[in-house]
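Because only heavy atoms are used, hydrogens play no part in the values below, and waters and symmetry mates are left out as well, while side chains stay in. In the text below, chain A, chain B and the rest are named by the order of the sequence lines, each starting its count at 1.
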Amino acid sequence: MNFSTEVKEDVTIMFAGDSGDGIQLTGAQFTDTTALFGNDISTFPNFPAEIRAPQGTVAGVSGFQLHFGSAKMNTPGDELDVLVVMNAAALKVNLKNLKKGGIIVANTDGFDPKNLKLAKYPEGVNPLKNGSLEGFKVYEIDVTKHTKSALQDSGLGTKEAERSKNMFVLGFIYWMYNRNLDNTIKFIEEKFKKRPDIIEANLKVLHAGFNFGETSEAVGTRYEVKPAPMPKGMYRGIMGNQATALGLIAAAEKSGLNLFYGTYPITPASDILHELSKFKNFGVKTYQAEDEIAAVCAAIGASFGGALGVTGSSGPGIALKTEAIGLALMLELPLVIVNVQRGGPSTGLPTKTEQADLLQAVYGRNGEAPVAVVAAKTPSNCFDMVFEACRLALEFMTPVMFLSDGYIANGAEPWRFPLANDLKAIPVSFAKEKNQGDKFMPYLRDEKLARPWAVPGVAGLEHRIGGIEKEDITGNISYDPDNHEKMVKTRAAKIAGIASYIPLQTIDQGAENADVLLLGWGGTYGALRNAVSELLAEGLSVAHAHLTYLNPFPKNLESLLRKHKYILIPELNNGQLVKIIRDKFLIDAQSLTKIQGLPFYTTDIKNAVYAILKKHSENLVCN
Amino acid sequence: MNFSTEVKEDVTIMFAGDSGDGIQLTGAQFTDTTALFGNDISTFPNFPAEIRAPQGTVAGVSGFQLHFGSAKMNTPGDELDVLVVMNAAALKVNLKNLKKGGIIVANTDGFDPKNLKLAKYPEGVNPLKNGSLEGFKVYEIDVTKHTKSALQDSGLGTKEAERSKNMFVLGFIYWMYNRNLDNTIKFIEEKFKKRPDIIEANLKVLHAGFNFGETSEAVGTRYEVKPAPMPKGMYRGIMGNQATALGLIAAAEKSGLNLFYGTYPITPASDILHELSKFKNFGVKTYQAEDEIAAVCAAIGASFGGALGVTGSSGPGIALKTEAIGLALMLELPLVIVNVQRGGPSTGLPTKTEQADLLQAVYGRNGEAPVAVVAAKTPSNCFDMVFEACRLALEFMTPVMFLSDGYIANGAEPWRFPLANDLKAIPVSFAKEKNQGDKFMPYLRDEKLARPWAVPGVAGLEHRIGGIEKEDITGNISYDPDNHEKMVKTRAAKIAGIASYIPLQTIDQGAENADVLLLGWGGTYGALRNAVSELLAEGLSVAHAHLTYLNPFPKNLESLLRKHKYILIPELNNGQLVKIIRDKFLIDAQSLTKIQGLPFYTTDIKNAVYAILKKHSENLVCN
Amino acid sequence: MSTDINNFTAKDLITDQEVRWCPGCGDYSILKQVQTVLPELGLKREDIVFISGIGCSSRFPYYMETYGMHSIHGRATAIASGLKSVRNDLSVWIITGDGDSLSIGGNHFIHLLRRNFNVNILLFNNEIYGLTKGQYSPTTQTGQVTKSSPYGALDHAFNPAALCLGADASFVARSMDRDPLHLRQMLKRTHEHQGAAVLEIYQNCNVFNDGAFEVFTEKTTKKGNTLFVTHGEPLIFGESNNKGIVLEGTTPRVVDLENTSTNDLWIHDEQDRNKANILVRMFDNPSDDSLPRPFGVFYSENRPCYEDLMIEQVEEVTNKFGKGNLDALLRGKSVYEIK
Amino acid sequence: MSTDINNFTAKDLITDQEVRWCPGCGDYSILKQVQTVLPELGLKREDIVFISGIGCSSRFPYYMETYGMHSIHGRATAIASGLKSVRNDLSVWIITGDGDSLSIGGNHFIHLLRRNFNVNILLFNNEIYGLTKGQYSPTTQTGQVTKSSPYGALDHAFNPAALCLGADASFVARSMDRDPLHLRQMLKRTHEHQGAAVLEIYQNCNVFNDGAFEVFTEKTTKKGNTLFVTHGEPLIFGESNNKGIVLEGTTPRVVDLENTSTNDLWIHDEQDRNKANILVRMFDNPSDDSLPRPFGVFYSENRPCYEDLMIEQVEEVTNKFGKGNLDALLRGKSVYEIK
Ligand SMILES: Cc1ncc(C[n+]2csc(CCOP(=O)(O)OP(=O)(O)O)c2C)c(N)n1
Ligand SMILES: Cc1ncc(C[n+]2csc(CCOP(=O)(O)OP(=O)(O)O)c2C)c(N)n1
Ligand code: SF4
Ligand code: SF4
Ligand SMILES: [Mg+2]
Ligand SMILES: [Mg+2]
């Protein structure tokens, strides 16, 4: 064969095609195989807008982007090395992200006049034919024809045969990256257990794709991407929403409580419900309420009854829950509120990512109503941080808001999953007896300022709680002015006091006293990490700290910030964390924002850092 | 007669008794008469907690505090000069607020064993008898007996006769302050038009009270409180909620629109509904919806139809409206949201005042969702600021939040009401024709960045709007990343741009470059003004600026602030405006908070200023 | 019901909080009857939970020495649904007003009925918003002058029982504050029903809507205007039990018992939903004001309770897949090792 | 209806926006029928407003060249209530899904019906949440496996028409996406009704709940399982119109027309609420699956519309007190002068 092999550090591939083309499955298979091979991976599926559009149109394009390589992959990649397109619309949507000189694998059958028209190419224009793709390596393959011919004796109808198209592409890409087919073969055999004919067809086409690479003269280069030096251990792939679901179940198990998840479907949070509802054998109860208000109220009711009450939604649904969250904080019952943020305001961009609910999380309730707020920074970190949210809620008898976002919720990465035994237990003790002489005082506090959790069913602890201001210690209704002030301050102090029970803030990369500190939070972690790696490699004095505890902040945050000359706060919103930091510390932190429903690209961040360094070059030099 | 007359600058009286004692009416009558006399007045009714308690108990005490004098009265007074109590419970509740040496007028009949027991005085203890009131001037009057004997030939039954008790007290206080009975006589004649016997009885008792003062040996001193030098003109008394209602009607009239008020009852906002529902002959439509969400949505619908859509509530109800407010700002329709703040969080202290919804107003929505925010500073200022809210909503096609609070909503003051002609017209022009060639572009903006208001019924302007991100100019659904960023920035710029269309910030009192600037907002105006007057009189370098525009701020705010050495921000919350100021200007503004459901007292503020001056005395001296 | 469980009396249910309703409020009587009945139900006091929304009536839990929550306006039903989901062992009583349940809380109310959680809903209907001082509610009569309707309310009132039936309630009954005996009977029936039981209680708000139910509660008018229905019994009412109701087709008519035999009367059947629908609508037709207002249990149906179905499903799934193992869950289906 | 008003055709109702439902979705047919019927109603196009919530169905307004608002989930009814309050001249159409109207929007829905605003509600019932990709809805059948009920839904489904009647709806009808002719008739009737008119439309979601209504829509099973009711006509159905329904007391029974005369059949009376209640409940009893599912107008009642009452009251008050004068209002009742 006349092909060479080239070694690459990392590769970004986008599989794109119509919603019906099996793109997500293809992407997932390539991910699994590549993970098994030992590469690190970061993936991001890109669904079409909410309603499926007619086949072949731009609105109907489904994409799956993945980035794999021989080092830690922090993001699904900014620019594409390889773009696999099943039809013209898929090319149209994604071409702008392809690197100069990148590879296009195009299914020519998807570029027939009908598809070109659906993709709204001008009459007579075929991008494969008109020279517009100059500067890219284009592999044109009539996937449909190859698939059909591979299956000509299979006895399958045309429609059913055509459904295996994606296997041809997968096989071809496996060949291109020197991958082994075993994992996918196993998967196919498992998935179609009951249809041996389908198994056979898919395997045939998969091999045909692989062999096409091997035998076709067209392709000159194969690539080798060596395994990444990942910490030793057992791995699996995990998506953010899945990790959130597992984190909740784990927290319930480690606290010895039953998990109650009250929710109302909403993109991009619904998958947490779908995931949790499978695990009834963990005693998990999922409750699809009539609306978000009912969902959070049911979670409060469950918590009153001694369960781990959790509610989940996205921005518009969280807005509806605010009144009830206020009740929960007055009742001082544990409650975890999961907010998988999406593009806003209002219905906004439901399938896109954004970080614009931070101020709502911290400030968005009537009255003085502090709750704890934490955020996950990567898909797998959803597991850790939602577990933390549960721990804080239970230890401090308080609502805790857990922020995720559409990007990490749907993104995936390899996860060195923990053993159940290695997870810290969350100690929960229900009140068993009277706590002040012969009386039970529902608002007598412990050293964390948490009140006792007395659940119905225990004789002698009968008590009433409610949303009207409560008298200190007794919990009775009180309109007393001084008591109100005391209670407001106590609730605030309880949340502030959490700072003593969370880890100190660390610097992720860079020096302790860099010229520029990038302070990020939540789902932008990967992009910031990449950018800072590159900037450090360029010899610049930058550092990166990433917040996962947002209210309260880690105790050392101020001193950590003050050691750096300039603070830049990149956020996928119009500047929210930056407001809190400036208010709290009177530090002239600057804001870098992107409000496009998209994650940061490395270049977005690097350019901002260059700009700061340039602007302040004098100050920095004379230092 | 052996009494002297003493001239006083100002007097604070509290009338207190059982809910059934006619206290509010008594207070209102005294207020009216005193206003007619030419004093300035500030009043504050103090209702019992929500549910009427059994007669005679502490929980059932109703109070009416009023402060009148020969100068501008900014608050209903901190400490009482005179406390009128109809029963023991009323004394128990209010005694702590009486000045040393103050006067108590006590209805002895309300201190019988039954009443003492209901008020929870220890067995056998009568505060009138046990010397505990030493240091006060106590006038004990058996009001019940006097009333009954005045009415012995009236033919009224005992119950009915006793109902006039309050008139006796009112007559007596009129005598004490040299007031004329005419206004109250007219009022009684009007009120009981259909019951001549009741008129006669009330007038008899009123005169009996007055004559009792004249003839009784007990009372040694009469007081004279000279008229206040108020600007010339026609005055009336007005309460905050009433002013809000009138402001809304005025804005509707001056914009040529129909007013639609969608609401759901809630303390302390309900009176706006009660007030507005009377004025159907202004074409006002009040709509008592099934809940707060329906209320705001109905207002949005009305606004879509070309009416002035307004919704009103208090904290918990506002929390429920947040999702829909987000819709309104996406639709870019005019909408005024009235928030009469009360003590929070959650149900909190429903009948008490607080300013703790500012951060919710500014930040409490999902996504990047800026709305304009204004606040009233006094009862009559509710008229001006809600009118402004309507103006901004209509001129900028945006939701505007108008903040009032329980204190000013229920408080009253004299109001030099404007003439209809003197109110500025609010120009509103509905779109009449296509605005881009043969197309109508619902999101084509004017110089204020406002979009056209095209209401159904106009042929050719048919268009669709919604909560999904919209394409610039066309208003079509758009998932385009750059468009989203542009629209988010445009919506933010529109709100920020309001700064060019509102008055510059002024200093209320004090120098332009004082040592300490008190920066207040909303209903604390009177207390701050009093305190600063006194501090200035003491020769201290203080100043007071009071914000009524909270988002955006007046353009000159930063420069105004920077001229002062120390900024102190007093708020009836745990520190909210201070957060925004610190973030925006990186000024080390300090916070003075009070979270007791009560207004500031002059001393609260003065002490805080003394403390700052003391702490920084070195800095201030060497300057 | 074993006696050792009856470890409390009505007195034990009184809390140390002062009862703060207006003197004369119908809520007092309801409180009293609930405190009287509860000890007779074979419950442990610590297993009883009262959950309310906001309103005068919703202060109720503070006066019951049981577990309790005074929540937010309209949401007691939603909170109780969550509580019941995890604690089917508790006896949960929801206290709600006509505004709380039918206005702001309407959605949770009908959904709870549909799902059929096993709870007892005491709906204090005073046809007014008491706590906020007298605005009209969804049950206020059209035309009534209230604080928020100075020229008369325009709204068409809900028929609460009809709404409940429309929402597939499995138990619907009505009683009144002024008939302690009947109220106690109805409270017991409400408790006994397995599923969501709604007991509408006519409650006089003597401050803002005094006399709204006078014709049904006052001695002089009561007999002629009320109809107490009992399962299996004919529909009889009137000053001297001299009138009855017959069903002509689907139309109820008042008949004089002098002319009609009780055998021909409509015999009440709690299990007949179609008849229940007619029964609760009897007084809706303003053109026929001779029909009395019914009280009693209108409808009662056996249907699985939601919380039991939840438990069953958890058990089924557990039986099928075995009790969940956290390690297996964390591993997932496809793992690999980096060595 | 004068012809000069009919200034638009079905084509004029098509917007420049690409219709983005899944190929095969029942929404297409409904859109088509609405576009066909509207020009025949004597309306001006500019007076027509479509208001929707959120859901697949709620994208509808984008495809109608009229005024429109795609609002937020469940609130179209509330928004329309406000619009109608100030603009009784408009023809307002509410587009909503089973989740939008009966789940999150349930409260506004029943309150709009109670108040009886003059609007047309098209309830696209596909017994599933389409837009969020396949969770069960309040009309999903118990036991159904969906995205959020992998082991079968536990919820008892609402009977939407029964709920409407319980909420005092003044017009309740049902049709289906697959019967264009009937759908058009029902759309017209819905429009003609003065008051809140609910038209439930069975709509196939071929992606997440394909075939939910197959038995009613497919040729082979339709005739045996559907009953098209018409005012004044007997209830007849069956393969060859060979079956009828009689009402025994309050119980409907299927009879064979070979043995029973059509004179003895239940004659449909749209104005009879009691019968309407029985009609809409016909298929609720799982033990009797011989009863067909009814389509058509179940109930229609004349009752004042809320917006008209509002206007009347404004007029009455204005007549009584004279048109409001702002100066007089600002002065109030008690003024004094400082000179
Ligand atoms: C979210 C919210 N909206 C409004 C209120 C104000 N509010 C309290 S109780 C109530 C209605 C009370 O009426 P009902 O439920 O009939 O109870 P009742 O007082 O008559 O017993 C209202 C409107 C509130 N507390 N919270
Ligand atoms: C406040 C809020 N909650 C949840 C959602 C997510 N959501 C959008 S549509 C929908 C349900 C759609 O079902 P249905 O109303 O039956 O309409 P269909 O898509 O089936 O036509 C949900 C839950 C949302 N957009 N807003
Ligand atoms: S206002 Fe009415 S319902 Fe409330 S406590 Fe008083 S009488 Fe009872
Ligand atoms: S998901 Fe279902 S309802 Fe939505 S467009 Fe597709 S087929 Fe229609
Ligand atoms: Mg009530
Ligand atoms: Mg649906």
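- Taking chain D as the reference chain and counting heavy-atom pairs below 4.5 Å, the highest number among P160(C), P304(C), A167(C) is found for A167(C).
- Contact of L165(C) with chain D is made through the backbone alone, with heavy-atom distances under 4.5 Å.
- The closest side-chain heavy-atom distance from R114(C) to L163(D) is not below 4.5 Å.
- For the 3.5 Å distance criterion, the side chains of D168(C) and H156(D) qualify, holding a donor opposite an acceptor.
- The local environment of CG in N302(C) is sparse, with at most 12 non-hydrogen atoms from other residues, nucleotides or ligands closer than 6.0 Å.
- Panel note: side chain N274(C), backbone T250(D); a donor-acceptor pair is recorded below 3.5 Å.
- For L309(D), the parts lying under 4.5 angstrom from a heavy atom of chain C are both the backbone and the side chain.
- Of the listed residues (E316(C), R281(C), Q313(C)), the greatest number of heavy-atom pairs within a distance under 4.5 Å of chain D belongs to R281(C).
- One distance of note links CG of L154(C) with CD1 of I311(D); it measures 11.0 Å at 0.5 Å rounding.
- More than 12 heavy atoms of other shown residues, nucleotides or ligands fall within 6.0 angstrom of atom NZ in K323(D).
- No donor-acceptor pair under 3.5 Å is formed between the side chain of N107(C) and the backbone N or O of G105(D).
- Within a 6.0 Å sphere centred on NZ of K333(C), heavy atoms belonging to other residues, nucleotides or ligands number 12 at most.
- Taking chain D as the reference chain and counting heavy-atom pairs below 4.5 Å, the highest number among G249(C), S103(C), A157(C) is found for S103(C).
- Looking only at heavy-atom pairs under 4.5 Å with chain D, the residue among R115(C), H108(C), R303(C), E312(C) that has the most is R303(C).
- Heavy atoms closer than 4.5 Å to chain C are found nowhere in L113(D), neither backbone nor side chain.
- Closest approach of L102(C) to H111(D), counting heavy atoms only: O-NE2, 2.7 Å.
- Within the 4.5 angstrom heavy-atom criterion, only side-chain atoms of D272(C), from C-beta onward, approach chain D.
- With chain D as partner, the option from C164(C), P150(C), G152(C) having the largest number of non-hydrogen pairs under 4.5 angstrom is G152(C).
- Heavy-atom pairs under 4.5 Å with chain D peak, among V280(C), N277(C), D155(C), at D155(C).
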